[in-house]
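Input: a single structure, listed below in structure tokens.
As the structure is a computational prediction, the values presented were derived from the model and not from experiment. Each residue takes its place number in the sequence, starting with 1.
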Amino acid sequence: MISDRIQKLKTGLFENKREVSIERALLYTESYKETEGQKTIIRRAKATAHILNNVKISIRDEELIVGNRTIKPRSGIISPEMDPYWINDELDTLGTRPQDPFFISNEDKKTYKEVLYPYWSGISLKDFINKRLTSEVRSPIHLDIFKIN
């Protein structure tokens with residue numbers, strides 16, 4: 001039997017649609033812009049600290065353990081520092097795709113296209129890895145035998 005408190009939390013959670021939150025991506029990018037020229041490990045640490053110091057938080061009624069990656073109850077994050085390309089390619093279909101649809105506002109799409117994608121394109125982890133792949137590894141990727149994510 002589910003307690004009233006748990007039922008309220010569950011009901012509240014599922015009243016909300018699944019959304020993409022770009023807050024974390026913007027904070028990470030902001031920090032990376034401020035730390036250009038520093039070692040990667042330091043930049044990542046400072047970006048994490050910047051997120052933890054600046055991310056919006058919410059504490060919902062009936063919660064005993066609080067905190068989430070986003071301020072909204074059913075939001076997912078994006079990480080353009082890992083691979084900005086798939087996000088850019090699927091930006092207009094995230095909300096309508098059959099598996100794991102996530103709504104993203106037109107304003108956030110615009111911010112992604114004008115701020116996040118241009119910054120991370122060419123310097124993401126995917127770019128770092130792709131620059132180091134040998135031709136023997138790269139060839140089967142183009143044949144769709146396997147993918148490196």
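Here OG1 of Thr35 is found 11.0 Å from CD of Glu30. Values are rounded to the nearest 0.5 Å. Note that CG of Leu9 and CG of Asp4 are 11.0 Å apart. Values are rounded to the nearest 0.5 Å. The CZ atom of Phe128 lies 7.5 Å from the CG atom of Leu125; values are rounded to the nearest 0.5 Å. For the atom pair Leu91 CG and Ile104 CD1, the distance stands at 5.0 Å (nearest 0.5 Å). Between the CZ atom of Arg24 and the CD1 atom of Ile51 there is a distance of 4.5 Å, given to the nearest 0.5 Å. Here CD of Glu36 is found 5.5 Å from CZ of Arg43. Values are rounded to the nearest 0.5 Å.
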TODO: Evaluate side chain to side chain contact (heavy atoms under 4.5 Å, CB included) for Lys33 paired with Tyr119, printing each intermediate quantity in order.
DONE: CA-CA 9 Å; Lys33 287 179 178 180; Tyr119 182 78; 3.6 Å; yes

Task: Audit row: Glu81, Arg44, side chain to side chain contact (heavy atoms under 4.5 Å, CB included) steps and yes/no - done: CA-CA 10 Å; Glu81 73 277 9; Arg44 288 180 182 165; over 6 Å; no

Task: Candidate pair Glu90 and Arg97, rule side chain to side chain contact (heavy atoms under 4.5 Å, CB included), full reasoning - done: CA-CA 9 Å; Glu90 294 187 24; Arg97 63 187 184 177; 3.1 Å; yes

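The pair Arg5-Asp61 fails the salt-bridge criterion, with no side-chain N (NZ, NE, NH1 or NH2) lying under 4.0 Å from an Asp/Glu carboxylate O.
Within the 4.5 Å cutoff, the side chain of Val55 has heavy atoms near those of the Leu27 side chain. When side chains are defined from C-beta on, Ser121 counts as touching Tyr85, because their heavy atoms get closer than 4.5 Å. With a 4.5 Å cut-off on side-chain heavy atoms, Leu94 and Lys109 do not count as touching. In this structure the side chain of Lys46 never reaches within 4.5 angstrom of the side chain of Glu34, judged on heavy atoms. With contacts defined as side-chain heavy-atom distances shorter than 4.5 Å, the pair Tyr112/Pro84 qualifies.
Met82 and Phe102 are members of different hydrophobic clusters when ILVMFWY side chains are connected at heavy-atom separations under 4.5 Å.
A donor-acceptor contact shorter than 3.5 Å is absent between the side chain of Ser21 and the backbone of Thr70. Distance alone, capped at 3.5 Å, is enough to place a donor-acceptor pair between the Glu63 side chain and the Arg60 backbone. Using modelled atom types, one side-chain atom of Ser124 and one backbone atom of Asp127 make a donor-acceptor pair closer than 3.5 Å. A donor-acceptor contact shorter than 3.5 Å is absent between the side chain of Thr93 and the backbone of Thr96.
In summary, the side chains of Asp108 and Thr111 do not present any donor paired with an acceptor at a separation below 3.5 Å, with no hydrogens or angles considered. A donor-acceptor contact closer than 3.5 angstrom is absent between the side chains of Glu107 and Ser105.
Checked against Thr11 for a side chain to side chain donor-acceptor pair (under 3.5 Å), the options Glu15, Lys8, Gln7 give a single hit: Gln7. For the salt bridge (charged side-chain N to carboxylate O under 4.0 Å, His left out) criterion with Glu19, the lone passing option out of Arg69, Arg74, Lys72 is Lys72.
Between Arg18 and Asp100 the shortest heavy-atom distance is NH2-CA, 2.9 Å. Among all heavy-atom pairs drawn from Pro73 and Asn16, the shortest one is CG-ND2, 3.3 Å.
Few gaps surround CG on Leu52; more than 12 heavy atoms of other groups in view lie less than 6.0 Å from it.
Note on ring orientation: taking the six-membered ring where Trp is involved, the planes of Tyr28 and Trp120 are tilted (angle from 30° to 60°).
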